[in-house]
Amino acid sequence: MLVATSACSLATSFAGYIGDQSVAADAALVDAGSLVDGSLVDGSDAAAQGDAGGDGSATVCRPGFTGATCSDACPKERAGIACELSLVYGLDVPTSAAWTTAAAVPYSSNHASAFNALSRVGYHLVLDQDEIWIEMDAFTQDATQLGVPVTYTFDAPVSNVIVYSFSANQKSVLAKTGGHVQLWSNCYDPDADGGTYDGLDVIQPAMPSCYGTMQINVGGAPVLGFHRWAVSGNDIDIGIGPGPDTKHLDWTFVANAGQFKTRRLEVYAR
């Protein structure tokens with residue numbers, strides 16, 4: 001039996017609660033953005049370049065994961081500093097969902113069947129003007145296990161993680177480091193640290209297709225959270241960097257998807 005703090009269909013909403021956007025200095029991290037020709041590009045005000053998108057927004061140069069610099073941008077459906085990763089899945093995230101089968105996930109692109117041996121994986125999330133790219137060593141050799149985890153479970157450390165962030169809520173991490181992924185459709189509880197949802201949550205193994213999570217921790221802190229896609233009710237929980245308060249660091253229960261016009265999740269691999 002779940003207690004009130006479990007991530008299930010509890011009707012708790014933190015919509016509109018955006019939290020502190022300040023970023024403390026840290027010698028191990030650099031400011032949101034990446035290095036171009038030796039200078040730092042701040043992700044919060046990177047210059048828009050290229051053609052306007054279908055929604056009227058400009059295409060923004062993102063040096064680091066869309067090519068080494070703005071002069072060598074990756075072709076469509078490629079990413080990485082040398083454009084070495086290819087698109088596996090593309091998903092325009094709805095405000096709410098109740099996905100219990102892989103076929104129910106409305107991918108706009110699905111190339112998983114084209115991949116064999118995997119060495120690197122990248123997750124790309126865009127929330128309006130904020131954007132993040134998280135790349136790591138492959139934690140599976142099955143590309144179908146890289147998308148929304150409606151039928152599989154991973155709760156595992158990952159290696160050689162780098163982060164290119166263009167969000168004031170998260171710094172880039174350009175030196176390879178350790179991380180952790182949690183991917184499942186189940187309900188889950190906060191870990192035994194005072195009831196904090198922090199990206200190292202505790203799965204309820206007997207409760208699949210109950211809530212759902214895709215979250216990545218880097219250096220012990222949440223950098224991407226995508227939850228509540230397996231159950232109808234409140235909006236999806238989604239965010240870049242730490243969540244709105246110390247009890248919801250991985251965005252669990254925030255129910256904030258409706259705050260964003262653009263919600264795009266992509267998965268790449270090589």
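Note that this is a predicted model, so its numbers are computed, not measured.
- With hydrogens and angles disregarded, no donor-acceptor distance shorter than 3.5 Å links the side chain of Ser172 to the backbone of Leu174.
- Counting only distance, with no hydrogens or angles, the side chain of Asp130 and the backbone of Ile132 share no donor-acceptor pair below 3.5 Å.
- Checking side-chain atoms of Thr153 against main-chain N and O of Trp184 turns up no donor-acceptor pair under 3.5 Å.
- Ion pairing between a basic and an acidic side chain is recognised when a charged N comes within 4.0 Å of a carboxylate O; Asp92 and Arg263 show no such pairing.
- Side-chain atoms of Asn256 come within 3.5 Å of backbone atoms of Ile238 as a donor-acceptor pair (strictly under, hydrogens ignored).
- The heavy-atom pair separating Leu249 from Asp198 by the smallest distance is CB-CA, 4.1 Å.
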>> Between Phe65 and Glu135, is the side chain to side chain contact (heavy atoms under 4.5 Å, CB included) condition met? List the steps.
In response: CA-CA 9 Å; Phe65 74 90; Glu135 186 180 327; 5.7 Å; no

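- Both cation-pi conditions hold for Arg62 and Phe166: the charged atom is under 6.0 angstrom from the six-membered ring centre and inside a 45 degree cone around its axis.
- The backbone N or O of Asp235 lies less than 3.5 Å from a partner atom in the side chain of Arg228, making a donor-acceptor pair.
- Here CG of Asp245 is found 9.0 Å from OG1 of Thr196. Values are rounded to the nearest 0.5 Å.
- Using cut-offs of 30° and 60° for the angle between ring planes, the Tyr123 and Phe139 rings count as parallel.
- Sorted by first then second residue, the ring-ring contact (aromatic ring centres under 6.0 Å, His included) pairs that include residues 95-122, not counting sequence neighbours, are Tyr89-Tyr107.
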